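Bear in mind that the values here come from a model prediction, so they are computed numbers and not experimental data.
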Amino acid sequence: MSLQVELEQHRNVLVVRLRGELDHHTADIVRFKMEDAILRGRVEHVVLSLKDLQFMDSSGLGVILGRYKLIKSRGGKMVVCDVHSGVKRLFELSGLFKIISFYETERSALAGLEVVS
């Protein structure tokens, strides 16, 4: 299975929707697209929507952690929403939910960042 990356900007928030599998084969695609959008645009915060992400391995965790560090170094926040149960378990085991906030829906994530969609 491949990976699709959809990027959408709401004011100063980049919404990243991932669909498919985030693994060592697709990690560079996500890394490049997110960094390009963050560095090119007026992005302060990132919402990572994982509703349709079916699988993620440690390479995916690395990509997410790296983009978290990038956005944090710029004074912003990254939040995650709509996480599939298998992927959610990986977040829990890795400890990422200790540093990245989790929201049930994309709308609540945007509201949590005080952005009206």
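Note that the CE atom of Met78 and the CD1 atom of Ile71 stand 7.0 Å from one another [nearest 0.5 Å]. Rounding to the nearest 0.5 angstrom, the gap separating the NE2 atom in His84 from the CG atom in Leu50 is 11.0 Å. For the atom pair SG (Cys81) and CG (Leu110), the distance works out to 7.5 Å, reported to the nearest 0.5 Å. From Leu61, atom CG reaches atom CG of Leu90 across 4.0 Å, with rounding to the nearest 0.5 Å. Once rounded to the nearest 0.5 Å, the distance linking CZ of Arg17 with CD of Glu6 reads 4.5 Å. Going from atom CG of Leu70 over to atom CD of Glu35 covers 6.0 Å, rounded to the nearest 0.5 Å.
A 6.0 Å sphere centred on CZ of Phe97 holds more than 12 heavy atoms belonging to other residues, nucleotides or ligands. In this structure, Arg89 places its CZ atom where only 12 or fewer heavy-atom neighbours from other residues, nucleotides or ligands lie under 6.0 Å away.
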Given the rule in the side-chain contact (heavy atoms from CB on, under 4.5 Å) test, do Phe55 and Val87 qualify, once you have shown the distances and angles that lead to the verdict? CA-CA 6 Å; Phe55 174 81; Val87 174; 5.9 Å; no

With side-chain contact (heavy atoms from CB on, under 4.5 Å) as the test, would you mind laying out the steps for Leu7 and Lys33 before giving the verdict? CA-CA 8 Å; Leu7 304 175; Lys33 287 187 175 190; 4.2 Å; yes

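The side-chain heavy atoms of Met56 and Leu18, taken from C-beta on, include no pair separated by under 4.5 Å. You'll find the side chain of Arg42 stays beyond 4.5 Å of the side chain of Asn12, heavy atoms only. In this structure, the side chains of Ile100 and Tyr68 come closer than 4.5 Å at one or more pairs of heavy atoms. Side-chain contact between Asp57 and Leu22 is absent, with no heavy-atom pair separated by less than 4.5 Å. Within the 4.5 Å cutoff, side-chain heavy atoms of Val80 are placed close to those of Phe91. The shortest distance between side-chain heavy atoms of Met34 and Val16 falls below 4.5 Å. Arg74 is not listed as a side-chain neighbour of Val43, based on a closest heavy-atom distance of 4.5 Å or more. Between Leu53 and Leu3 there is a side-chain heavy-atom pair separated by less than 4.5 Å.
Between Glu106 and Val47, the shortest heavy-atom contact is CG-CG1, 4.4 Å. In plain terms, the two heavy atoms of His10 and Val15 that are nearest each other are CD2-CG2, 3.5 Å.
The existence of a salt bridge linking Arg31 and Asp28 is confirmed by a sub-4.0 Å separation between a basic side-chain nitrogen and an acidic carboxylate oxygen. With salt bridges taken as basic N to acidic carboxylate O contacts below 4.0 Å, one links Asp52 and Arg19.
The main-chain N or O of Arg11 is found under 3.5 Å from a side-chain atom of Gln9 such that the two form a donor-acceptor pair. Looking at Thr26, its side chain does come within 3.5 Å of a backbone N or O of Glu21 through a donor-acceptor pair. The main-chain N or O of Ser59 is never found under 3.5 Å from a side-chain atom of His24 such that the two would form a donor-acceptor pair.
Under the 4.5 Å side-chain heavy-atom criterion for grouping Ile, Leu, Val, Met, Phe, Trp and Tyr, Leu48 is not connected to Leu93 through any hydrophobic cluster.
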